[in-house]
Number of protein chains: 2
Amino acid sequence: MNDASAVPPTPPRDRTLSAPLIARQALALADERGLEKLTVRSLASALGVGTMTFYGYFRSKEEILDAMADEALGSLALPEGEPDETPRQAIENVAQAFRRLMVEHPSIAQILSSRITDSPQARRGAMEVVIDRLMRSGIPGPLAVRSYGFLMVHALGFASYQTPRPWARGTSDESPDESELRRQQHHFYASLPLTEFPRLVELRDELIELPGEAQFAFGVACLCDTVEATLAREGHLDG
Amino acid sequence: MNDASAVPPTPPRDRTLSAPLIARQALALADERGLEKLTVRSLASALGVGTMTFYGYFRSKEEILDAMADEALGSLALPEGEPDETPRQAIENVAQAFRRLMVEHPSIAQILSSRITDSPQARRGAMEVVIDRLMRSGIPGPLAVRSYGFLMVHALGFASYQTPRPWARGTSDESPDESELRRQQHHFYASLPLTEFPRLVELRDELIELPGEAQFAFGVACLCDTVEATLAREGHLDG
DNA sequence: AAAATGTACCGTACAAAGTACGGAGACCGG
DNA sequence: CCGGTCTCCGTACTTTGTACGGTACATTTT
């Protein structure tokens, strides 16, 4: 028999490659190891193909990043809700979906922030679904658009602000040594010069909680309050 | 006389360089031509020094980016306000300062989004000033921290979302061919398949305005509403 | 004043990453 | 059996960050 080293350089000829598949793998790689570790070569080796293979599907690495953003936006999953959803419920569901998106794909915040990203495809789809959901809950169109923009910006900004990116983390799906990090932060704020930063020292317990989920929820609640107040003020008493 | 080409490669020996100066120049370059055009070499030629000069001031390009973020945050300028500022006024002033920061330094949104950026220096200073300003207007500490987080996230997310980055623009300090861009967007939304994106087509006029300043103001107003409502509910009737 | 030492700067070179170019194998219709 | 096409990719060039060591001026020492 011929030896294994003579295996042809064209292993299965699977036609197993496709643009969405490449984008999905790239997204997984970036989410796992960090966007800066996503190189054309690392992606190639992860897929078991040659370096230049992608240029048959994309014109540049930038286009791969666009496809990744598209892929992620396309995976936006709104939780099912009853048909008689209140505006607050609709907003909170959308917000949760955005938040989950950013948590599951830590790299897309960076991708969206670093590019013009006019990937129209899935982005428009998500837009349509979200705005439709908000409007069905009773929010009028213009306000639904504002709310969409608010939630998108809030989720993106929140994810961008402190990207904790625990690459090389260990065990659970939740933050691993959260308490250790809190301890460090606590120590940091406590050691600030009291005369120079009196407020920061005074409020260190709150500041430590700043990057937590409660901060995200606070922003969402602000939107809910305003939307509800607007609806009440305009006297949409349907019922 | 000796010819000009014999000018030594050490022109003035000015001792004109310093870390903040490098950071400022880098920030200016990035804001002007785009962060991706900011290379060590381009920065060197802009400063008229050699490529490796920076490594006497910073350990890596990353550190230069950190210094740029620090520089920008340090330039945060809160408009002066009377001592009897209302919470709404304080919030709006802070929001305006953040917004101006992102407009004047389009690159820092990208910098903050792409890095862990634990630049403690100026960042903490801005934090202290902002939180102090909010508290002086009557907002209690914990709510002031929440508001700071909200505004930072909102400004950062808003700047990140659609970075119009008109590099290579021409004349005025305002957007040059704003109307042309609007026309394109209008055409885009109008040409969407009506059956697939009915909401987007229906709301195209509002969607075109999505990246405008009114969207930013909407988010700020949401925060103001919630803060005022909270203060009223807790009955802080000081007067 | 001349030599030694330190400081600030930078020329060269190498590694990593994006990608242009052209080629190589597999499959297909004749 | 023979080109044609499709898919994949090996090689090499360019750009970027940066390690290493050198060079020139200033200050100190003798």
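Just so it is clear: chains get the letters A, B, ... in the order the sequence lines come, proteins before strands, and each one is counted from 1. Bear in mind that the values here come from a model prediction, so they are computed numbers and not experimental data.
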* To do: Using the six-membered ring of B:Phe197, assess whether NZ or CZ of A:Arg124 lies under 6.0 Å from its centre and within 45 degrees of the ring axis.
  =>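 That pair does not qualify as a cation-pi contact.
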
If you look at every heavy atom in [X] and [Y], which pair is closest and at what distance?
{"X": "B:Ser42", "Y": "B:Leu29", "answer": "O-CD1, 3.9 Å"}
{"X": "A:Gly149", "Y": "B:Leu210", "answer": "CA-CD2, 3.6 Å"}
{"X": "A:Ser147", "Y": "A:Leu223", "answer": "OG-CD1, 3.9 Å"}

* Asked: What are the residues of residues 19-29 of chain B, sorted by number, that bring a heavy atom to within less than 4.0 Å of DNA chain C?
  ->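 Per residue number, the list is empty: none.
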
* **Between C1' of C:dA8 and CZ of B:Phe54, the distance in whole Å** =>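 Going from CZ in B:Phe54 over to C1' in C:dA8 covers 13 Å.
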
* Measure the distance from CG on B:Leu47 to P on C:dC10 and round it to the nearest whole Å. =>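 Those two atoms, CG and P, are 10 Å apart.
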
* To do: Let me have a per-nucleotide readout for nucleotides 12-22 of chain D, 5' to 3', with B, S or -, counting only protein heavy atoms under 4.0 Å.
  => ----BBBBB--

* To do: Return the orientation label for the B:His154 and A:Phe150 ring planes: parallel under 30°, perpendicular over 60°, tilted otherwise.
  =>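 It falls in the tilted class, 30° to 60°.
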
* **Residue from B:Val145, B:Asn93, B:Val129, B:Ile91 passing side-chain contact (heavy atoms from CB on, under 4.5 Å) with B:Leu134** =>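 Going through the options one by one, the only one that passes is B:Ile91.
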
* To do: Look at the side chain of A:Arg204 and the backbone N and O of A:Val201, then say whether any donor-acceptor pair between them is shorter than 3.5 Å.
  =>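 Yes, the answer is positive, given that a donor and an acceptor are paired below the 3.5 Å cut-off.
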
* Just jot down the ring-ring contact (aromatic ring centres under 6.0 Å, His included) partners of B:Tyr148, sequence neighbours excluded, or say none. =>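 B:Tyr148 satisfies ring-ring contact (aromatic ring centres under 6.0 Å, His included) with no residue once adjacent residues are dropped.
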
